[in-house]
Q: 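Pasting a structure here, questions to come.
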Amino acid sequence: MSELYRFIHAEKANHPIVLEAAPLSLGTTPEIDAALEMAADLTQWSRGRELFDRVRQNNLGSEDRIAEQLLFRLAELVGKLAHNVAGPYRHFDHHAGWQIGPIAYRLTVEVQDPVLQDRFASALGSWPRTDPGTAP
């Protein structure tokens with residue numbers, strides 16, 4: 001199983017992928033749709049850098065909308081991971097996949113949606129637990 005599949009797709013049947021879980025609560029954009037389509041098609045992963053650039057351009061206008069900015073950040077990570085796994089030289093940062101969980105957590109805190117938290121926890125396999133009054 002490839003790195004992209006492990007980090008983007010849930011390993012259990014019928015679980016949503018991380019990026020797909022968010023638009024169910026937050027809506028979608030053509031860039032998010034493109035990221036989901038590319039992630040689902042192994043033959044398109046070599047277009048990861050192109051997708052990253054497209055999403056980054058749209059993300060630049062969302063500084064005042066934090067939830068939208070975080071959602072675009074997840075889509076950027078899909079592009080990074082696809083590009084890295086597809087193999088073209090000049091890889092993105094090797095730790096891109098590890099950013100998915102923390103960004104999903106920040107997005108959930110921002111929108112305060114328990115359903116979204118459940119979707120992310122299902123897609124990621126777990127969720128950070130905190131005691132009252134402590135940060136995760």
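Only heavy atoms go into these numbers, but all of them, side chains included; no hydrogens, no water, no symmetry mates. Here the structure is a predicted model, which means the values were calculated and not measured.
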Q: Would you say Leu70 ends up clustered with Val78 if hydrophobic residues are merged whenever their side chains have heavy atoms under 4.5 Å apart, either directly or through other cluster members?
A: yes

Q: Counting C-beta onward and ignoring hydrogens, is there a side-chain heavy-atom pair between Phe120 and Tyr105 closer than 4.5 Å?
A: no

Q: About how many Å separate CD1 of Ile66 and CD of Glu110, when rounded to the nearest 0.5 Å?
A: 5.0 Å

Q: Using the rule that Ile, Leu, Val, Met, Phe, Trp and Tyr join whenever any side-chain heavy atoms are under 4.5 Å apart, tell me whether Leu81 and Phe92 fall into a single cluster.
A: no

Q: Apply side-chain contact (heavy atoms from CB on, under 4.5 Å) to Gln57 and Glu31, showing your working.
A: CA-CA 10 Å; Gln57 285 294 18; Glu31 294 76 25; over 6 Å; no

Q: CZ of Arg54: more than 12 outside heavy atoms within 6.0 angstrom?
A: yes

Q: Could you give the distance from CD (Glu68) to CG (Leu107), rounded to the nearest 0.5 Å?
A: 11.0 Å

Q: Calculate, to the nearest 0.5 Å, the distance between atoms CD1 and CG belonging to Ile103 and Leu71 respectively.
A: 10.5 Å

Q: Can you hop from Val85 to Phe52 via hydrophobic side chains spaced under 4.5 Å?
A: no

Q: Applying side-chain hydrogen bond (donor to acceptor under 3.5 Å, both in side chains), name anything that partners Gln44, two or more places apart in sequence or on another chain.
A: Arg47

Q: When rounded to the nearest 0.5 angstrom, what distance separates NZ in Lys80 from NE2 in His95?
A: 7.5 Å

Q: Looking at Ala104, is its backbone amide N or carbonyl O close enough to the side chain of Thr108 to form a donor-acceptor pair, meaning the two atoms are under 3.5 Å apart?
A: yes

Q: Rounded to the nearest 0.5 Å, what separates atom CD in Gln117 from atom CD in Gln112?
A: 10.0 Å

Q: Grab the two heavy atoms, one from Ala82 and one from Met38, that are nearest each other, plus how far apart they are.
A: CB-CE, 3.3 Å

Q: Answer yes or no: is there a side-chain heavy-atom contact under 4.5 Å between Val55 and Thr29?
A: no

Q: Taking only residues two or more places apart in sequence or in another chain, which ones pass salt bridge (Lys or Arg N to Asp or Glu O under 4.0 Å) with Arg56?
A: Glu76

Q: On a heavy-atom basis, which atom in Ala67 and which in Val111 lie closest, and how many Å separate them?
A: CB-CG1, 3.6 Å

Q: Do you know the tightest heavy-atom contact between Ala35 and Ala75?
A: CB-CB, 4.1 Å

